Amino acid sequence: MKMDSQMVMDFAQVSKTYGKVKALEDITLNLAKGSSVALVGHNGAGKSTLIKLILGLIKPSSGRVRVFRQEPTSGAFNPLRCKIGYLPEQCLFQKSLTGRETLIFYAQLKGLKAGKFNDSLERVDLAAAADRKVGTYSKGMRQRLGVAQALLGAPELLVLDEPTSGLDPIARQNIYKIIGEEKERGASVLISSHVLTELDDRIDQVAILNKGKLTAMGTIPILRRKVKMKSEIILSAPKLVIEQIEKSVGTPRDCTRKRDGVLSISCDPENKIAILEKIMVFGAGIENIEIQEPSLELVYNAYSNSNIGGAQDV
């Protein structure tokens, strides 16, 4: 089987066992150039094993792994390693080096030309601490330094394991802003994270691992439909208008009065527009309308608690 030229990473029926333990079982997934995938799953689901396979730290027990069209543990892959930016879950740096010296060290490992790296440090808000020893950095500062080293050399593939660990809300937003910029540049991004609420609007597809198996892969809307998750329309209006809307919608079991003046209507995504058209007939009588779609966290919970799998975004 040939690897598509647009695929930066390709797993074909990959399994990895440690003795009698199946860390991964029959995994088939890929990552296209310029796209982003969130890798989610419980502790022990196989996420770390999958990342080690991408980096060429271990070999699969069976199946085929290709990154940049090469097998990651082969000698032919060595020149390609500088095209990968990797952020481990725990960032451990030499405490006696400064932030700037740390980046110089990692740049040399990648075969990059020495530089001052002012732009890299400023990008992660560490310019003011560039010449302080890493031993004086907080956990959040070390995390941001880890992101800076992952970005060295404008990598074509970013593998980020818990990229916002230990960061405050503003720093989290900045990291995802940087990830978005890298994606726009053409980089492919694989994010492994337990903080699912951060990922809803920031990734193209989701790969859900459960006990070493790929339970589902696809866009969030497709995965929602696969497990028949409903949209929620929430509106505010006077009591009389709400009563009229309930009659108009015609499905009492899907209507819930959350509190006085607030009605929630649960519906299938394909019926959402038709229901909104019925609601809008009441025009000025409606004070506010919100549409809430099931979050990635809810989607993940649904797949983790069901036997449905194999959703593909084609």
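Small disclaimer: the values here were computed from a predicted structure and weren't measured. Residue indices begin at 1 and follow the sequence shown.
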Given Ser231 and Glu293, is the side-chain hydrogen bond (donor to acceptor under 3.5 Å, both in side chains) satisfied, shown in steps? CA-CA 5 Å; Ser231 303; Glu293 302 292 354; 2.7 Å; yes

I'd like to know whether Gln205 forms a side-chain hydrogen bond (donor to acceptor under 3.5 Å, both in side chains) with Thr219, so could you lay out the CA-CA distance, the side-chain angles of the two residues, the decisive distance to 0.1 Å, and finally the verdict. CA-CA 4 Å; Gln205 294 194 86; Thr219 64; over 6 Å; no

Could you walk me through whether Leu157 and Lys83 pass side chain to side chain contact (heavy atoms under 4.5 Å, CB included), step by step? CA-CA 6 Å; Leu157 171 61; Lys83 298 169 70 173; over 6 Å; no

Begin with the C-alpha distance, continue with both residues' side-chain angles, and end with the deciding distance and a verdict on side chain to side chain contact (heavy atoms under 4.5 Å, CB included) for Tyr300 and Val206. CA-CA 9 Å; Tyr300 169 71; Val206 183; over 6 Å; no

So Lys211 and His42, side chain to side chain contact (heavy atoms under 4.5 Å, CB included) or not? Walk me through it. CA-CA 8 Å; Lys211 297 179 181 178; His42 57 84; 3.8 Å; yes

How far apart are the C-alpha atoms of Glu198 and Arg172, what are their side-chain angles, what is the distance that settles it, and do they pass the side chain to side chain contact (heavy atoms under 4.5 Å, CB included) test? CA-CA 9 Å; Glu198 295 182 342; Arg172 287 170 182 261; 2.2 Å; yes

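Residue Lys52 qualifies as open at atom NZ: its count of foreign heavy atoms under 6.0 Å is 12 or below. Residue Glu122 places its CD atom among 12 or fewer non-hydrogen atoms of other residues, nucleotides or ligands, all under 6.0 Å distant. More than 12 heavy atoms of other shown residues, nucleotides or ligands fall within 6.0 angstrom of atom CG in Asp168. Counting non-hydrogen atoms of neighbouring residues, nucleotides and ligands closer than 6.0 angstrom, the NZ atom of Lys22 reaches no more than 12 such neighbours. Surrounding NZ of Lys213 are at most 12 heavy atoms belonging to other residues, nucleotides or ligands under 6.0 Å away. Other residues, nucleotides and ligands place more than 12 heavy atoms under 6.0 Å from the CD atom of Glu287. Counting non-hydrogen atoms of neighbouring residues, nucleotides and ligands closer than 6.0 angstrom, the CG atom of Asp201 reaches no more than 12 such neighbours. Within a 6.0 Å radius of NZ in Lys139, more than 12 heavy atoms belonging to other residues, nucleotides or ligands are found.
Taking the six-membered ring where the residue is Trp, Phe68 and Phe77 present parallel rings, their angle staying beneath 30° rather than reaching 60°.
The other residues sharing a hydrophobic cluster with Ile234 are Val262, where clustering joins ILVMFWY side chains under 4.5 Å apart.
Val40 pairs in a side-chain contact (heavy atoms from CB on, under 4.5 Å) with only one of the listed residues (Leu209, Ile208, Asn210), which is Ile208. Checked options Lys177, Lys183, Arg185; the residue passing with Glu181 is Lys177 (criterion: salt bridge (Lys or Arg N to Asp or Glu O under 4.0 Å)). Checking Ile54, Leu31, Leu55 one by one against Val67, the side-chain contact (heavy atoms from CB on, under 4.5 Å) holds for a single residue, Ile54. The residue from Ile233, Val281, Ile265 that alone fulfils the side-chain contact (heavy atoms from CB on, under 4.5 Å) condition with Ile245 is Ile265.
Looking only at side-chain heavy atoms (C-beta outward), Leu151 and Ile178 come within less than 4.5 Å of each other. Taking the side chain as every heavy atom from C-beta outward, Leu223 and Tyr303 approach each other to under 4.5 Å.
Under a cutoff of 6.0 Å and an axis angle of 45°, Arg202 and Tyr176 form a cation-pi pair. A cation-pi contact links Lys16 to Tyr18, judged by a cut-off of 6.0 Å to the six-membered ring centre and 45° from its axis.
Looking at Glu182 and Arg123, a side-chain N of the basic residue comes within less than 4.0 Å of a carboxylate O on the acidic one, giving a salt bridge. The residues Arg257 and Glu246 are annotated as salt-bridged, a charged nitrogen and a carboxylate oxygen being separated by less than 4.0 angstrom.
With 3.5 Å as the limit, one finds no donor-acceptor pair spanning the side chains of Arg66 and Asn30. Between the side chains of Ser96 and Gln94, a donor-acceptor pair is found at a separation under 3.5 Å. Between Glu162 and Thr164, the side chains place no donor N or O within less than 3.5 Å of an acceptor N or O (distance only, hydrogens not considered).
Shown here for Ala302 and Val227, the closest heavy-atom pair between the two residues is CB-CG2, 4.1 Å.
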